[in-house]
Asker: 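Would you mind keeping the following structure in view while I ask a few things?
Just so you know, these numbers come straight off a predicted model, no measurement behind them.
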Amino acid sequence: MTIARPVHRTYSPRRHQKREIIPGVHRRRPEPPATGTRNDHVGGKVLFVTTEMTDFIKAGGLGDVSAALPRALANYHDVRVLLPAYTKVLANAGDRMRVVGRTPAFHKLPACEIGEIQTEDGLTVLVLINAELYEREGSPYTDAHGHEWHDNDIRFATLSHAAADIALGRAHVNWRPDLLHLNDWPCALTAHYLDGESAGVPTVLTIHNLAYQGVFPPSSANSIGMSRRRTEHEPRGRISFLHEGVAKATYLTTVSESYAKQIIEPVHGCGLDALLRKRSLEGRLIGIVNGIDPSWDPQHDPALITPFTIGQWDRRRENTRHLREEMGLREQNGPLFAVISRMVQQKGVDLICEAAPQIIAAGGQLALIGRGDPAIERTIARLPRRFHGRVAAHIGFEEGLARRMFAGADFLLMPSRYEPCGLSQMYAQTCGCLPIAHATGGLMDTIEDGITGLLFRDATVSELRRCLQRAFRIFAEPLLLNAMRGAAMLEKRGWDGPGRQYAALYRRMLPQKAAA
């Protein structure tokens, strides 16, 4: 496979450094300095609609984005967040919440109350309260056994319709947004509910992962109120929330520049490539790379046994030693490879399982954490029994352990078949753990091959094995290894840059009076 040369090369190569580079890999622009405190004069009013937020509940990377991006945007606009009042959200809110509005019923979508929570740093969070829909044990999307809720169409259509009600002034909230920022399929139907309304509220729909589209049977149409306004773009015989949002949102964004280019082609378009290509030709599809929050600074992370910074490699090795002890791995001199991931086919975990014998035979060790597909989980669980003391696996997720793995492992394995952005590679780089990744999507935009990590062209076990050989050679040269670690840790990955890009997009979309 030939990796397409990027349209933009953001800065000149570091000519004084000798390295292996995959042709055409996008090079990431260093982030400008932070703008400092919040502006006194904000722009328009923005409602950020999401299904998770790490302050209250997290199921994946969207939770981190929803916690960090609105705070970055508050430098420029009056931003509030809307999410469902899940059991964990209400528990975390405690007595901080007060009811400020109510949405009416619509078809089979129930009426809801709207609560308001102020976070300690001043961010306003609106929560959609309906005990029958949201107060359940499990994740935002699935029950405790990992099965999708049978009424997810009702649950998330209700969220989408509530967002539209707030924007149109029908929710009795004493605040009305000028613009809505929607996230993934559960919020995408908002663009449908706003379509044709005289208010003309603009919308941004961010696609975090195109593979998840919110597809439901045609019988859902009457329940969620689509029957009288069916769209010409809708796939025959089914209801697709994401398809509707892609067709009707004012602007679409994805979470990396490379992913925005990939999804307009059939191989990565998940059946929506033609529509996405049309929106791209209209100038309505933009890629903006995610950032990560400041808590990932290993010098101040309370989860680490020994804090460290660039150049303190002895202190970093203390974290490696402790991680081996914590996970039951033997003390040895070879490299430690980490996998911190959802255990699903997309993430290429099956390729890692195939390559595990090579890692062990060459003197390396492997530590894995995550959960996902039961079949993949069973395969992973067998590895520690086969390679006792050289492979460790934790089926599940613990934030503190994951942070110690980033800070203690030498390399992070990310052979994702596709990756819209990816946050793990940036967490790893910040901690001096070098990512080994398939050159796709946001991984190309955030890893500089041979300097801040290693990239390989094809998502195959043979390509992964060749890249592992490079990793072992780098590990055998401490000066080179530490130089790459330092380069990775120096990269700027905060939310100031992405925040400025989104703020500029908002200003382009907002009515003149709101943007002034």
Asker: Residues in ring-ring contact (aromatic ring centres under 6.0 Å, His included) with Tyr86, at least two apart?
Answerer: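 Per chain and number, Tyr86 pairs via ring-ring contact (aromatic ring centres under 6.0 Å, His included) with no residue.
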Asker: Arg96 and Thr119: side-chain donor and acceptor closer than 3.5 Å?
Answerer: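 Distance-only check fails for Arg96 and Thr119.
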Asker: Compute whether any side-chain donor of one residue and acceptor of the other, for Gln262 and Thr440, lie under 3.5 angstrom apart.
Answerer: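 Distance-only check passes for Gln262 and Thr440.
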Asker: Using a 4.5 Å cut-off on heavy atoms from C-beta on, say whether the side chain of Arg71 contacts that of Asp55.
Answerer: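 The answer is yes, as the side chains (C-beta and beyond) meet within the 4.5 Å cut-off.
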Asker: In Å, rounded to the nearest 0.5 Å, how long is the span from OG1 of Thr206 to CD1 of Ile286?
Answerer: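 Nearest 0.5 Å value for the OG1-CD1 distance: 10.0 Å.
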Asker: Could you list all the ring-ring contact (aromatic ring centres under 6.0 Å, His included) pairs where at least one residue sits in residues 244-284, not counting sequence neighbours?
Answerer: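 Of all non-adjacent pairs touching residues 244-284, none passes ring-ring contact (aromatic ring centres under 6.0 Å, His included).
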Asker: How close do Arg176 and Lys45 get, counting heavy atoms only, and between which atoms?
Answerer: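 Taking every non-hydrogen atom into account, O-CD, 3.4 Å.
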Asker: Establish, from distance only, whether the side-chain atoms of Thr124 and Gln118 form a donor-acceptor pair under 3.5 Å.
Answerer: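 Yes.
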Asker: Output all residues satisfying side-chain contact (heavy atoms from CB on, under 4.5 Å) with Ala72, sequence neighbours left out; order by chain, then residue number.
Answerer: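 Ala72: side-chain contact (heavy atoms from CB on, under 4.5 Å) contacts with Trp495.
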Asker: Ile117 vs Val127, test: side chain to side chain contact (heavy atoms under 4.5 Å, CB included). Steps then yes/no.
Answerer: CA-CA 8 Å; Ile117 305 166; Val127 293; 3.9 Å; yes
Asker: Roughly how far, to the nearest 0.5 Å, is CD of Glu491 from CD1 of Ile292?
Answerer: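 One finds 11.0 Å between CD1 of Ile292 and CD of Glu491.
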Asker: Any heavy-atom pair between the side chains of Leu366 and Leu413 that's under 4.5 Å?
Answerer: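 Yes, close enough: below the 4.5 Å cut-off.
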Asker: Please report the shortest heavy-atom distance between Thr50 and Leu159, naming the atom on each side.
Answerer: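 Looks like O-CD2, 3.8 Å.
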Asker: Give a yes or no on whether Glu132 atom CD has more than 12 heavy-atom contacts from other residues, nucleotides or ligands under 6.0 Å away.
Answerer: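 Counting neighbours around CD of Glu132, 12 or fewer heavy atoms of other residues, nucleotides or ligands fall under 6.0 Å, so no.
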Asker: Please check if any side-chain donor atom of His107 sits under 3.5 Å from a side-chain acceptor atom of Asn222, or the reverse.
Answerer: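 No - no donor-acceptor pair under 3.5 Å links their side chains.
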Asker: With sequence neighbours left out, what residues match His300 under side chain to side chain donor-acceptor pair (under 3.5 Å)?
Answerer: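 Testing His300 for side chain to side chain donor-acceptor pair (under 3.5 Å), a comparison that skips the adjacent residues, returns Asp297.
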Asker: I'd like to know if the side chain of Thr103 pairs up with that of Asp165 as donor and acceptor (distance under 3.5 Å, no hydrogens or angles considered).
Answerer: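 No.
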Asker: Give the intermediate values and the outcome of side chain to side chain contact (heavy atoms under 4.5 Å, CB included) for residues Glu137 and Thr87.
Answerer: CA-CA 7 Å; Glu137 294 301 319; Thr87 302; 4.1 Å; yes
Asker: Under a 4.0 Å threshold between the charged nitrogen and the carboxylate oxygen, would Glu52 count as salt-bridged to Lys58?
Answerer: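 No, this pair does not count.
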Asker: Would you check if Met327 and Leu323 make a side-chain contact, meaning some heavy-atom pair closer than 4.5 Å?
Answerer: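 Touching, per the 4.5 Å side-chain cut-off.
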Asker: Roughly how far, to the nearest 0.5 Å, is CD1 of Ile154 from NE2 of His150?
Answerer: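 His150 atom NE2 to Ile154 atom CD1 measures 9.0 Å (nearest 0.5 Å).
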Asker: Apply salt bridge (Lys or Arg N to Asp or Glu O under 4.0 Å) to residues Arg417 and Asp350 and explain how you reach the verdict.
Answerer: CA-CA 11 Å; Arg417 289 180 166 84; Asp350 55 313; 2.8 Å; yes
Asker: Can you list everything that forms a side-chain contact (heavy atoms from CB on, under 4.5 Å) with Ala164? Sequence neighbours excluded, please.
Answerer: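 Partners of Ala164 by the side-chain contact (heavy atoms from CB on, under 4.5 Å) criterion, ordered by chain and then number, come out as Thr190, Tyr193, Leu194.
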Asker: How long is the straight-line distance from OG1 of Thr158 back to CD1 of Ile224, given to the nearest 0.5 Å?
Answerer: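 Between atom CD1 of Ile224 and atom OG1 of Thr158 there are 9.5 Å.
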Asker: Is there a side-chain contact between Gln346 and Tyr418, using heavy atoms and a 4.5 Å cut-off?
Answerer: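 Side-chain contact under 4.5 Å: yes.
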Asker: Quick one: list whatever passes side chain to side chain donor-acceptor pair (under 3.5 Å) with Asp153, sequence neighbours left out.
Answerer: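 Here the qualifying residues are Ser220.
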Asker: Please find the pair of heavy atoms, one from Leu123 and one from Val79, that lie closest to each other, and give the distance.
Answerer: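 The answer is CD1-O, 3.7 Å.
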Asker: Do Asp301 and Arg403 pass the salt bridge (Lys or Arg N to Asp or Glu O under 4.0 Å) test, and can you show the C-alpha distance, the side-chain angles, and the key distance before you say yes or no?
Answerer: CA-CA 8 Å; Asp301 190 340; Arg403 286 173 175 264; 2.9 Å; yes
Asker: The criterion is side-chain contact (heavy atoms from CB on, under 4.5 Å); which residues satisfy it with Glu148, sequence neighbours excluded?
Answerer: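 With sequence neighbours excluded, Glu148 shows a side-chain contact (heavy atoms from CB on, under 4.5 Å) to Thr142, Asn152, given in chain and number order.
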Asker: Does any part of the side chain of Glu419, heavy atoms only, come nearer than 4.5 Å to the side chain of Met444, both counted from C-beta?
Answerer: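 Sidechains of Glu419 and Met444: no contact.
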Asker: Just jot down the side-chain contact (heavy atoms from CB on, under 4.5 Å) partners of Ala437, sequence neighbours excluded, or say none.
Answerer: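 By the side-chain contact (heavy atoms from CB on, under 4.5 Å) rule, Ala437 matches Met414, Leu443, Ile447, Leu455.
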Asker: Can you list everything that forms a side chain to side chain donor-acceptor pair (under 3.5 Å) with Arg382? Sequence neighbours excluded, please.
Answerer: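 In terms of side chain to side chain donor-acceptor pair (under 3.5 Å), with neighbours along the sequence ignored, Arg382 is linked to Thr379.
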Asker: When you compare the side chains of Gln425 and Thr446, does any donor N or O come within less than 3.5 Å of an acceptor on the partner?
Answerer: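 Indeed, the side chains of Gln425 and Thr446 share at least one donor-acceptor pair under 3.5 Å.
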Asker: Trp296: which residues meet the ring-ring contact (aromatic ring centres under 6.0 Å, His included) condition with it, sequence neighbours left out?
Answerer: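 Trp296 satisfies ring-ring contact (aromatic ring centres under 6.0 Å, His included) with Phe406, Tyr427 once adjacent residues are dropped.
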Asker: Considering non-hydrogen atoms only, spot the tightest contact between Cys270 and Gln213 and give its length.
Answerer: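 Result for this residue pair: O-NE2, 2.9 Å.
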Asker: So do the side chains of Val246 and His243 get within less than 4.5 Å of each other, counting heavy atoms only?
Answerer: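 With C-beta onward as the side chain, the pair stays apart.
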Asker: Between Phe216 and Phe241, is a ring pair (Phe, Tyr, Trp, His ring centres under 6.0 Å) present by the stated rule, with each step listed?
Answerer: CA-CA 8 Å; Phe216 299 96; Phe241 283 28; 5.1 Å; yes
Asker: Between Asp151 and Arg136, does the salt bridge (Lys or Arg N to Asp or Glu O under 4.0 Å) criterion hold? Intermediate values first, please.
Answerer: CA-CA 12 Å; Asp151 57 349; Arg136 306 175 180 180; 2.6 Å; yes
Asker: Heavy atoms only: give me the nearest Tyr141-Leu62 pair and the separation to one decimal.
Answerer: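 For Tyr141 versus Leu62, the nearest heavy atoms are OH-CD2, 4.0 Å.
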Asker: Measure the spacing between OG1 of Thr203 and CG of Asp195 and express it to the nearest 0.5 Å.
Answerer: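 Going from OG1 on Thr203 over to CG on Asp195, the span is 9.5 Å.
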Asker: Taking only residues two or more places apart in sequence, or in another chain, which ones meet Arg385 in a side chain to side chain donor-acceptor pair (under 3.5 Å)?
Answerer: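 Testing Arg385 for side chain to side chain donor-acceptor pair (under 3.5 Å), a comparison that skips the adjacent residues, returns none.
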Asker: Take Val339 and Ile369, measure what side chain to side chain contact (heavy atoms under 4.5 Å, CB included) needs, and give me the verdict at the end.
Answerer: CA-CA 6 Å; Val339 180; Ile369 185 173; over 6 Å; no
Asker: Restricting to ring-ring contact (aromatic ring centres under 6.0 Å, His included), what partner residues turn up for Phe48, sequence neighbours left out?
Answerer: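 ring-ring contact (aromatic ring centres under 6.0 Å, His included) check on Phe48 returns His181.
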Asker: Do you know the tightest heavy-atom contact between Ala157 and Leu189?
Answerer: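 Scanning both residues completely, I find the closest heavy atoms to be CB-CD2, 4.1 Å.
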Asker: About how many Å separate CG of Asp78 and CG of Asp178, when rounded to the nearest 0.5 Å?
Answerer: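 It is 9.0 Å, given to the nearest 0.5 Å.
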